[in-house]
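The next block holds one structure in the form of structure tokens; read it before the comments.
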Amino acid sequence: MFYHSKELQYNARVTKPDPRFARLLLEQFGGGNGELKAAMQYFVQAFSCRNAYPDKYDMLMDIATEEFSHLEIVGATIQMLLTGINGELKNTMEDMEMMDFLDGKASKENYIHQALYNPQFCVLTGGGPSVTDSNGTPWSGAYVNANGDLTVDLRSNIAAESRAKIVYEYLIKFTDDEYVKDTLRFLMTREITHFQQFEAALETIQPNFPPGIMQGDPKYSNLYFNMSPEEDATGPWNQGPSSRLGEEWQKIDQPQTFVEETNGLIDLQPTGTERTEDAVRNLERELGRARSKEVKGANPTENMQWSKKFGRDNTDCDVIE
């Protein structure tokens, strides 16, 4: 059950209308990295972990709900930036209050041009935000990443918060309105907050690497193929121990020869790792059983109901066979 307060989480303010920037800000309203995408992504992800990970369900629903409030902040800001842009624009430009902000015919004509730069504001939305990105592309459910494995979903969320943060950072550079900048800084900061929350939640699930159940073949997990020998850059991605598995990187400087000598990698033996194929298979079985028990044990298969606070359950219902 959602409860809506008519006051915004952050008091969005605008100095004066700016339809040009309103169009750019649509990216965070209905774009692929925007607030609607984040809200729907975390909302959808929460369902599959409600019983197995009730604490993560609570976190995901809380953050999803906050993202809806951020969508409201972005929408309110866009609406204020479009003050005066409505269906009567062509006939009543001279009578609009927003004309007080503009000095001279050239400024007014430029303002009209900027408003019409995104014709949706005039002919489709009546001067309000639309569920599109800055180019008018409709929002799509394809933006939502929900894989049903919490370690995968949380990593998707960390990436989503990173992308949203950098979009706000870029947007700040395109407005001179200090009030709008303040709002964008608030929203950008909350992306940083959510990044840390998802990261912390991921660390409470152990083991969480690699994502999922299957562990990967130790013959191939620490190979680095040097596909650009002219540059030959080195770093912790191709020398020393790998970051998560602790295997020694095996840098292959002549990939073609290496592949040919190992019969297309089929005859390759694990090198630089203590992991063995038998150990990997055993770990997969153990982890599979543990995760399955977590999910199955937490999810009843009969007389199910979602809300837990109501006293009446389904056990007294007639069963039709």
Side-chain angles (χ1 to χ4, degrees), residues 27 31-33 37-38 41-42 45 56 143 145-147 149-173 185 188-284 286-287 291:
E27 200 63 39
N33 298 306
K37 173 260 175 71
Q41 178 160 306
Y42 310 153
Q45 289 175 356
K56 312 303 189 302
Y143 298 151
N145 295 301
N147 295 94
D149 185 294
L150 194 54
T151 65
V152 176
D153 285 344
L154 289 172
R155 287 185 170 92
S156 293
N157 298 349
I158 291 170
E161 296 293 332
S162 301
R163 289 190 295 269
K165 189 267 184 185
I166 203 66
V167 172
Y168 279 123
E169 190 170 325
Y170 291 153
L171 282 169
I172 288 172
K173 299 176 183 178
R185 287 191 191 98
M188 182 192 72
T189 301
R190 294 306 296 169
E191 310 295 349
I192 298 171
T193 303
H194 295 162
F195 180 109
Q196 296 175 93
Q197 291 171 326
F198 290 133
E199 189 176 48
L202 177 62
E203 289 306 307
T204 66
I205 304 172
Q206 294 296 335
N208 64 35
F209 187 87
I213 302 298
M214 298 186 70
Q215 299 298 299
D217 195 319
K219 292 190 294 186
Y220 314 123
S221 55
N222 62 341
L223 299 182
Y224 180 89
F225 292 98
N226 186 11
M227 299 296 192
S228 51
E230 293 82 3
E231 299 296 333
D232 200 24
T234 58
W237 55 87
N238 61 15
Q239 64 179 8
S242 59
S243 61
R244 293 301 185 101
L245 297 177
E247 300 172 321
E248 192 72 20
W249 287 114
Q250 304 298 300
K251 188 165 175 284
I252 312 302
D253 288 317
Q254 296 180 326
Q256 182 173 350
T257 301
F258 185 81
V259 168
E260 292 172 351
E261 291 177 349
T262 58
N263 190 25
L265 301 182
I266 293 176
D267 297 335
L268 185 65
Q269 296 299 315
T271 305
T273 178
E274 296 181 357
R275 298 195 308 148
T276 65
E277 293 187 28
D278 288 341
V280 164
R281 298 292 88 77
N282 290 334
L283 180 57
E284 288 176 348
E286 292 175 7
L287 186 56
R291 293 285 164 82

Of the non-hydrogen atoms in [X] and [Y], which two are nearest, and what is the gap between them?
X: Thr151; Y: Gly212; value: OG1-N, 3.5 Å
X: Pro218; Y: Val280; value: CD-CG2, 4.0 Å
X: Trp237; Y: Trp249; value: O-CE2, 3.4 Å

Does any non-hydrogen side-chain atom of [Y] lie less than 4.5 Å from one of [X]?
X: Lys56; Y: Thr204; result: yes
X: Ser221; Y: Thr273; result: no
X: Asn145; Y: Asp153; result: no
X: Pro255; Y: Met227; result: yes
X: Leu265; Y: Lys219; result: no
X: Val167; Y: Glu191; result: no

Mind checking the [atom1]-[atom2] spacing from [X] to [Y]? Nearest 0.5 Å is all I need.
X: Ile205; Y: Asp149; atom1: CD1; atom2: CG; answer: 8.0 Å
X: Phe209; Y: Gln215; atom1: CZ; atom2: CD; answer: 9.5 Å
X: Glu199; Y: Arg155; atom1: CD; atom2: CZ; answer: 10.0 Å
X: Glu261; Y: Leu268; atom1: CD; atom2: CG; answer: 11.5 Å
X: Glu247; Y: Thr271; atom1: CD; atom2: OG1; answer: 10.5 Å
X: Arg291; Y: Leu287; atom1: CZ; atom2: CG; answer: 4.5 Å

- Item | Set of residues satisfying salt bridge (charged side-chain N to carboxylate O under 4.0 Å, His left out) with respect to Arg244, sequence neighbours excluded |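 Checked Arg244 against salt bridge (charged side-chain N to carboxylate O under 4.0 Å, His left out); zero matches.
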- Item | salt bridge (charged side-chain N to carboxylate O under 4.0 Å, His left out) involving Asp217 - partner list, sequence neighbours excluded |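 Result, salt bridge (charged side-chain N to carboxylate O under 4.0 Å, His left out) vs Asp217: none returned.
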Looking at [X], I want to see if its [atom1] is surrounded by more than 12 non-hydrogen atoms of other residues, nucleotides or ligands under 6.0 Å.
X: Gln254; atom1: CD; result: no
X: Gln256; atom1: CD; result: no
X: Glu231; atom1: CD; result: no
X: Glu274; atom1: CD; result: no

- Message: Less than 4.0 angstrom from a charged side-chain N to a carboxylate O is my criterion; do Lys165 and Glu161 meet it?
- Response: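 Not counted as a salt bridge, because no side-chain N and carboxylate O are separated by less than 4.0 Å.
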- Message: For Gln250, is there any backbone N or O sitting under 3.5 Å from a side-chain donor or acceptor partner on Asn222?
- Response: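 Not a single qualifying donor-acceptor pair exists.
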- Query: Distance-only, no hydrogens or angles: does the Asn33 side chain make a donor-acceptor pair with backbone N or O of Ala164 under 3.5 Å?
  - Reply: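 Not at all, since once roles are kept as given, no pair shorter than 3.5 Å links the two residues.
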- Message: I'd like to check the side-chain contact (heavy atoms from CB on, under 4.5 Å) partners of Ala160; sequence neighbours left out, ordered by chain and number.
- Response: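 Partners of Ala160 under the side-chain contact (heavy atoms from CB on, under 4.5 Å) test: Lys37, Gln41, Tyr42, Arg163.
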- Query: Between Asn238, Thr234, Asp253, which is the residue that forms a side chain to side chain donor-acceptor pair (under 3.5 Å) with Asn226?
  - Reply: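 Only one of Asn238, Thr234, Asp253 forms a side chain to side chain donor-acceptor pair (under 3.5 Å) with Asn226, namely Asp253.
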- Task: Might you work through the side-chain contact (heavy atoms from CB on, under 4.5 Å) test for Ile172 and Arg185, ending with a clear yes or no?
- Result: CA-CA 8 Å; Ile172 288 172; Arg185 287 191 191 98; 3.9 Å; yes
